[in-house]
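Working notes for the structure below.
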2 protein chains.
Amino acid sequence: MSTIVDRLRNSGIQPTPQRIAVAEFVLNTAAHPTADEVWTHVRARCPTISRATVYNTLNLFAEKGLLKPQPLREGVVVFDPHVKPHHHFIDEDTGKVIDVPWEALRVRGEKSLEGFEVREYQVVMRGKRRK
Amino acid sequence: MSTIVDRLRNSGIQPTPQRIAVAEFVLNTAAHPTADEVWTHVRARCPTISRATVYNTLNLFAEKGLLKPQPLREGVVVFDPHVKPHHHFIDEDTGKVIDVPWEALRVRGEKSLEGFEVREYQVVMRGKRRK
DNA sequence: GTTCGTGCAAACGGTTTGCAACAAT
DNA sequence: ATTGTTGCAAACCGTTTGCACGAAC
């Protein structure tokens, strides 16, 4: 089992207290938080951390491949620690973004698109959660 | 053949000169422009139009179903006059958004997702255009 | 004359940047 | 000493809003 500190070191990131605090939250959530939501959560444990540090840290994590920024909602970027291919469902009532496993859907035809070299793709669904 | 003015009237929109100018550009382009790109283009024909009017007009068109705002790029909304279901390809070099016909891809499994009522979906692809 | 649309400028929310202080090597 | 990291404030960019003027019914 690799600790958060190990994961940062393995990605070439110096594990400062601020970065560890951000990582502990954002790498272990499925909530697809925005940068400001990360800031709010992390301040509970690390009250002196600034917005700038949170933004810089999230961008650093994204550069190093620990996070994938997803432009799924209008006007904000959400951060997803689930970096392997998968799909997304967006709840129209709450705006919540929910992961859908890669194997849950099958897409055909993307390899035979003339003129396009598809490097990655995902299905983005919108609708309502059934209770 | 329905003119732009007819299309606006049919959607319950008063066809002012500014709205016609915006409509002539944005309803006839496949370029997926941002609001500011629309403003730049429209000012060539209608130099006194303000940013606010362009933003208000685009939002009005979207409300009336003439345009669909798409959160496909980070930090901006792009407007798509192609309102029927289709997919999108995003060129990683240029950032350009390109429509992919609905029939070009086949998706299976979205109806049998437990707990999700999928109202709409699209495949979002990223990669490079082949020359 | 009331309603609706426009233009301007200010405000706003999310994000980035410049910089000085600080920590680690 | 050098390099990297933080916090603060200011700047920035895309977008919305308040308001007064003007046009249309």
Side-chain angles (χ1 to χ4, degrees), chain A residues 4-5 8-9 11-24 26 32-64 66-80 95 97, chain B residues 4-5 8-9 11-26 31-64 66-80 95 97:
Chain A
I4 287 285
V5 172
L8 297 183
R9 286 222 180 84
S11 300
I13 298 169
Q14 289 207 26
T16 68
Q18 290 87 340
R19 286 170 176 174
I20 293 167
V22 171
E24 276 176 347
V26 81
H32 301 79
T34 64
D36 255 52
E37 286 163 0
V38 173
W39 187 51
T40 302
H41 274 262
V42 167
R43 261 191 313 173
R45 296 158 133 268
C46 181
T48 68
I49 197 169
S50 68
R51 253 198 199 86
T53 297
V54 171
Y55 276 92
N56 292 336
T57 300
L58 291 172
N59 289 338
L60 177 64
F61 288 2
E63 262 172 43
K64 300 295 189 178
L66 295 174
L67 287 179
K68 200 163 158 39
Q70 295 273 8
L72 292 169
R73 288 165 47 183
E74 291 195 5
V76 266
V77 177
V78 303
F79 291 89
D80 193 343
V97 177
Chain B
I4 287 285
V5 172
L8 296 184
R9 286 222 181 85
S11 300
I13 298 169
Q14 288 209 26
T16 68
Q18 290 85 341
R19 286 169 177 176
I20 294 168
V22 171
E24 277 176 346
F25 174 63
V26 81
H32 301 79
T34 65
D36 256 53
E37 286 163 0
V38 173
W39 187 49
T40 302
H41 275 262
V42 168
R43 260 191 311 173
R45 296 158 132 265
C46 180
T48 68
I49 197 170
S50 68
R51 252 196 199 86
T53 296
V54 171
Y55 276 93
N56 291 337
T57 300
L58 292 172
N59 288 339
L60 178 63
F61 288 3
E63 262 172 43
K64 300 296 188 178
L66 296 175
L67 286 179
K68 200 164 159 38
Q70 295 274 8
L72 292 169
R73 289 164 46 182
E74 290 194 6
V76 265
V77 177
V78 303
F79 291 90
D80 194 343
V97 178

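In what follows, chains carry the letters A, B, and so on, assigned in the order in which the sequence lines appear, proteins first and then strands, with residues in each chain numbered from 1.
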- Of the nucleotides D/dT5, D/dT16, C/dG14, which has the atom closest to the A/Arg19 side chain?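 The listed nucleotide nearest to A/Arg19's side chain is D/dT5.
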
- salt bridge (Lys or Arg N to Asp or Glu O under 4.0 Å) partners of residues 45-55 of chain A, not counting sequence neighbours, each pair once: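 Listed once each, the pairs are A/Glu24-A/Arg45, A/Asp36-A/Arg51.
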
Just the rounded figure in Å: distance from [atom2] of [N] to [atom1] of [X].
X	N	atom1	atom2	value
B/Glu74	C/dG13	CD	P	21 Å
B/Asn59	C/dC4	CG	P	18 Å
B/Arg51	C/dG7	CZ	P	13 Å
B/Leu58	D/dT15	CG	C1'	11 Å
B/Gln18	D/dG22	CD	P	15 Å

- Message: Just to verify, which of A/Val22, A/Ile49, A/Ile20, A/Thr16 counts as forming a side chain to side chain contact (heavy atoms under 4.5 Å, CB included) with A/Thr57?
- Response: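 The passing option is A/Val22.
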
- Where protein sits on nucleotides 18-25 of chain C, one letter per nucleotide: B base, S sugar-phosphate only, - none, heavy atoms under 4.0 Å: --------

- Query: Do the side-chain N or O atoms of B/Tyr55 get closer than 4.0 angstrom to the phosphate oxygens (OP1, OP2) of D/dT15?
  - Reply: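 So the side chain of B/Tyr55 is within the cut-off, an N or O lying under 4.0 Å from OP1 or OP2 of D/dT15.
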
- Item | Heavy-atom check, side chain of A/Phe61 versus side chain of A/Leu8, under 4.5 Å |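 SC-SC contact between A/Phe61 and A/Leu8 confirmed.
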
- Message: Between B/Ile13 and B/Leu66, is there a side-chain heavy-atom distance shorter than 4.5 Å?
- Response: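 Touching, per the 4.5 Å side-chain cut-off.
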
- Item | Contacting residues from residues 31-50 of chain B, given that a heavy atom lies under 4.0 angstrom of DNA chain C |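 Going residue by residue through residues 31-50 of chain B, the ones with a heavy atom under 4.0 Å of DNA chain C turn out to be B/Thr48, B/Ile49, B/Ser50.
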
